[in-house]
Each structure stands twice: as structure tokens, then as C-alpha cells.
Amino acid sequence: MSVRVVARIRPLLKTERDVDQILTEHAGADEKTSIVKIPNPKNLSEEYSFQFSSVYGQESTQQQIFDAEVSPTIKQLFQGIDVTIFAYGSTGTGKTHTMRGGRALTDRGMIPRLLSSIFRKSKALEKSSNGDTTVDVSMSYYEIYNDRVFDLFEPPEKRNATGLAIREAEGGKTVVVGLTEEPCSTLKEFEVLYDRANANRSTGATKLNAHSSRSHAILCVKLTMTTPTETRVSVASAIDLAGSEDNRRTGNDKHRMVESASINKSLFVLAQCVEAIGKKQSRIPYRESKMTRILSLGQNNGICVMILNLAPTKPFHLDTLSSLNFANRTKKIEVKEVENEPIFKGPPRQATGTSGTTIQRQPLR
Ligand code: ADP
Ligand code: MG
């Protein structure tokens, strides 16, 4: 199983009515017919074609993308498989719109829809098991800004300037040390927490997009499923990456340049990792940025969907081409679809000199 890469082209904004469009797409039923085309910037009569698992044009809705790309992963999440959904693209291409979305019900992004589905499925599972199975949901939410990790449940004035530490946990997973974990059991509770945390996100005005965020935002939703015999934990991560644009063209001042350089560094390391994985090199430079340590594409066991956000217009030409090239390499990464080990809760064991819980592989259901 490889990383599933899907492309989404956003519609024209009101301010773009007179701007030239450069992308054409074909939203086919499979990879062979799902294509994005873009002219060669050096020779406009020549066109490059990129194939993806699926391609969504300007008219596509949040509902369509959720139903086809995110909803199918929820079944696996409940089987103990971790799921990562991330949005990649230049600033202003629709990453936040796709992940978070707007207030109106139809505008809601992948994240609130994912939570809504998780809560619905949890309640159905608890009901059908007559209370034998319980599902607890909790969330943590943090950003990586200038290669430092900050808990978004902490207000900015309470932040330690150096940020939180990260370390390797068992199973090769990377964890952030000391993150707040907020339990939540309804969509309403989730929304209150999520809105409050988003207000803590670092934002700054750049020439490309006044409200665009300059940080990577990572939401982790932890599911703990408990039956009389075992406890199984799985995590859904939804990531809104910082803009992948070239900082030479954003007209940044010095302070912004520092931000931009470090954002670009982590995305640059991500691109190097993707390249190294593609070439089956033994050394993948994950450790060179916090974002890549956390994302650890191809090292994590689980399912991974990357949504490549694209703007259809000419000012994005070079950035769009570089995003398409990046995505083209990403889709070749193999991801192992492995269930997390359940923690088996049998009867108390006889004293044998060892302590602790027995780990057994046993599928839930
Ligand atoms: P990013 O997070 O990648 O910087 P945004 O999500 O902020 O980009 O989107 C940039 C602008 O485009 C916003 O005004 C947003 O509302 C709009 N937009 C993006 N995608 C869509 C879409 N699919 N439908 C309507 N408007 C969109
Ligand atoms: Mg954004």
C-alpha cells in the first residue's frame, strides 16, 4: 500500500476573475484517468501531465472529498490502524479550507467531518455491544513553528519559547512530550476545543495571503477501544502543513524570512525524505526536522492520504509545478498497513516473577 495522493484544485476567488488559468484536469474513475495538466513555464506550448489516485476539480465539494477519501479510512481506524491525512500546497491553495473548512454545514472540512463520523461510529459500537465495548476519544493539537513544537491548547503567553521536546516511543512512533490531551465525546465539545486552539495558532500577514498560517498544525485524535478482554488504541492525525511556496517571491521582510526559511527547511527535508524513500536509499534524513520526525512517512505503520491543494491560476505556476513534482514522488512511498498491538487484559496471572501486561495479537471484533 502506498501513500494515496489526491489532487484538489480550488475554484477562482472573487479577486481572480481576470487572472489567467493554467491548469486543466480530468477527474477520472481511476489513476490512469485522473490527471492534472500544466504548461511548461519555459515553453508554454508544451504540457506536463500528472496522474493521481483521484483528482477533484474546482466544483468539487467537501462532502465528495470526505466520502471518497477520508470516510473509507475510518473503518481501519476502528480496527486499530493509524490514519494520517495531510494537506500539502502553497499558501492560498485551500489547505485550511480543505482540512478545517468554513462554518456553514456544507463548508465543513475534513476534520470536523472525521470527528463527527468517529463519534457516530463509537456510539453505534457501544450500543450494538450492549455496553461491553467502550470507545474513548481524546485529542491533542499542536503546531510546529520555526522547528519548535507548541501545544495549541496552551495560550501563546504561557508558551516556553523553546517549545516541547519530541522523542521516539516504542513501535518507532514519535511522540511530543507533555502535550495536553483533551477528552471529548461529542462534536459540540470538539468544536469548542478546536476553535479555542485555533485562536492560538501563529499567523502572520504575507504578500501571498494575509491570513495564511506560517506553521504546520497537527491534530491527533486518539481512540481507545475497550472490550472485556482487550484495549486497543489508534490515532487519526490530520495535518495542515505550512505553505510550500518559494520565499523569494513572497516579498518577506527579515522576520518573515526567518520563518519562511525554516518552514521551507522542513518542507525541503520532507522532499529529501520522499526522494530518498523513492530511491530506496538506506538513510532517510527524517531527523533533520521536527516535522519530518513526526510525520515519518513510510516508517509509520498505517494509512496515509495526502491531499495536494492547487490553485488554478498563473501567479502560482512555478509553485504549482514544484508541488506536482513533489506529490508525484510522494505517491510512490510504501506504507505498511499494520494493526496496533492490543493490550490483552486476561485474568490476573500467577506470580511468575514477571510483571506487566501480556501483549497478544488478536483482532478486535
Ligand atoms: P491555504 O490554507 O492553503 O493557505 P486557504 O484554505 O486559506 O489556503 O484558502 C485560500 C482562499 O481560498 C480562502 O479564501 C478560501 O476560503 C478559498 N478557498 C480555498 N478552497 C476553496 C474551495 N474549495 N471553495 C471555495 N473557496 C475556497
Ligand atoms: Mg492555511
Side-chain angles (χ1 to χ4, degrees), residues 5-17 19 21 23 25 27 36 54-70 85-113 141-145 150 152 194-195 197-219 238-247 249-252 256 259-260 263-264 266-267 270 291 306-320 322-324 326-327:
V5 179
V6 307
R8 181 184 201 182
I9 302 170
R10 72 153 166 77
L12 290 180
L13 306 178
K14 284 197 184 74
T15 52
E16 291 176 326
R17 292 276 149 82
V19 181
Q21 294 196 52
L23 291 183
E25 90 277 356
V36 177
S54 37
V55 169
Y56 296 89
Q58 297 189 24
E59 269 79 56
S60 61
T61 63
Q62 303 278 49
Q63 175 90 45
Q64 272 173 340
I65 296 173
F66 180 78
D67 288 350
E69 308 300 339
V70 182
I85 315 280
F86 73 100
Y88 182 97
S90 314
T91 297
T93 56
K95 295 181 297 298
T96 303
H97 178 85
T98 299
M99 298 306 279
R100 184 184 182 183
R103 285 254 155 241
L105 224 50
T106 51
D107 279 347
R108 270 192 179 159
M110 301 306 117
I111 288 171
R113 287 171 197 266
Y141 192 23
Y142 57 96
E143 68 177 342
I144 307 178
Y145 181 69
F150 298 107
L152 284 170
Y194 187 53
D195 287 350
N198 276 320
N200 292 333
R201 246 190 112 175
S202 306
T203 54
T206 74
K207 209 167 140 190
L208 280 183
N209 184 329
H211 302 287
S212 146
S213 189
R214 313 295 297 156
S215 67
H216 309 296
I218 298 157
L219 174 76
I239 307 177
D240 183 351
L241 290 176
S244 60
E245 64 276 3
D246 184 336
N247 67 33
R249 294 191 294 112
T250 52
N252 288 335
R256 291 264 96 81
E259 285 181 2
S260 204
I263 289 159
N264 283 356
S266 61
L267 290 167
L270 178 63
M291 187 267 282
M306 168 170 136
I307 301 174
L308 169 69
N309 287 103
L310 300 168
T313 56
K314 193 135 188 229
F316 288 86
H317 200 154
L318 292 178
D319 285 327
T320 301
S322 91
S323 292
L324 285 164
F326 170 80

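What you see is a predicted model; the values in this text were computed from it and never measured. Counting convention: from 1, in listed order, for ligands and their atoms alike. All values below come from the heavy atoms of this structure, side chains included, with hydrogens, waters and symmetry mates left out.
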Engineer: Give yes or no for whether the N/O distance cutoff of 3.5 Å, strictly under, is met between Ser60 and ligand 1.
Structural biologist: no
Engineer: By salt bridge (Lys or Arg N to Asp or Glu O under 4.0 Å), which residues pair with Glu25, not counting sequence neighbours?
Structural biologist: none
Engineer: Heavy atom of Gly243 under 4.0 Å from ligand 1?
Structural biologist: no
Engineer: To the nearest 0.5 Å, how far apart are CZ in Phe150 and OH in Tyr145?
Structural biologist: 8.5 Å
Engineer: In ligand 1, which numbered atoms sit nearer than 4.0 Å to a non-hydrogen atom of Gly92?
Structural biologist: 1 (P), 3 (O), 4 (O), 8 (O), 10 (C)
Engineer: State, yes or no, whether a side-chain contact exists between Leu12 and Val19 at a heavy-atom distance under 4.5 Å.
Structural biologist: no
Engineer: So if I count the atoms of ligand 1 from 1 in the order they appear, which ones are less than 4.0 Å from some heavy atom of Arg8?
Structural biologist: 23 (N)
Engineer: With heavy-atom distances below 4.0 Å as the criterion, list the atoms of ligand 1 near Thr91.
Structural biologist: 4 (O)
Engineer: Does Thr91 bring an N, O or S atom to under 2.8 Å of the Mg ion (ligand 2)?
Structural biologist: no
Engineer: Would you say Asn309 contacts ligand 1, with heavy atoms under 4.0 Å as the rule?
Structural biologist: no
Engineer: Near Pro11, which atoms of ligand 1 are under 4.0 Å from a heavy atom of that residue?
Structural biologist: 21 (C), 22 (C), 23 (N), 24 (N), 25 (C)
Engineer: Could you name each residue pair satisfying salt bridge (charged side-chain N to carboxylate O under 4.0 Å, His left out) that touches residues 86-101, not counting sequence neighbours?
Structural biologist: Arg100-Asp195
Engineer: Give the atoms of ligand 1, by number and element, whose distance to some non-hydrogen atom of Lys95 is under 4.0 Å.
Structural biologist: 1 (P), 2 (O), 3 (O), 4 (O), 6 (O), 8 (O)
Engineer: I need the atoms of ligand 1 closer than 4.0 Å to a non-hydrogen atom of Gly94, numbered in the order shown.
Structural biologist: 1 (P), 3 (O), 5 (P), 6 (O), 8 (O), 9 (O), 19 (C), 20 (N)
Engineer: Run the contact test for Ala87 against ligand 1 with a 4.0 Å cut-off on heavy atoms, strictly below, and give the result.
Structural biologist: no
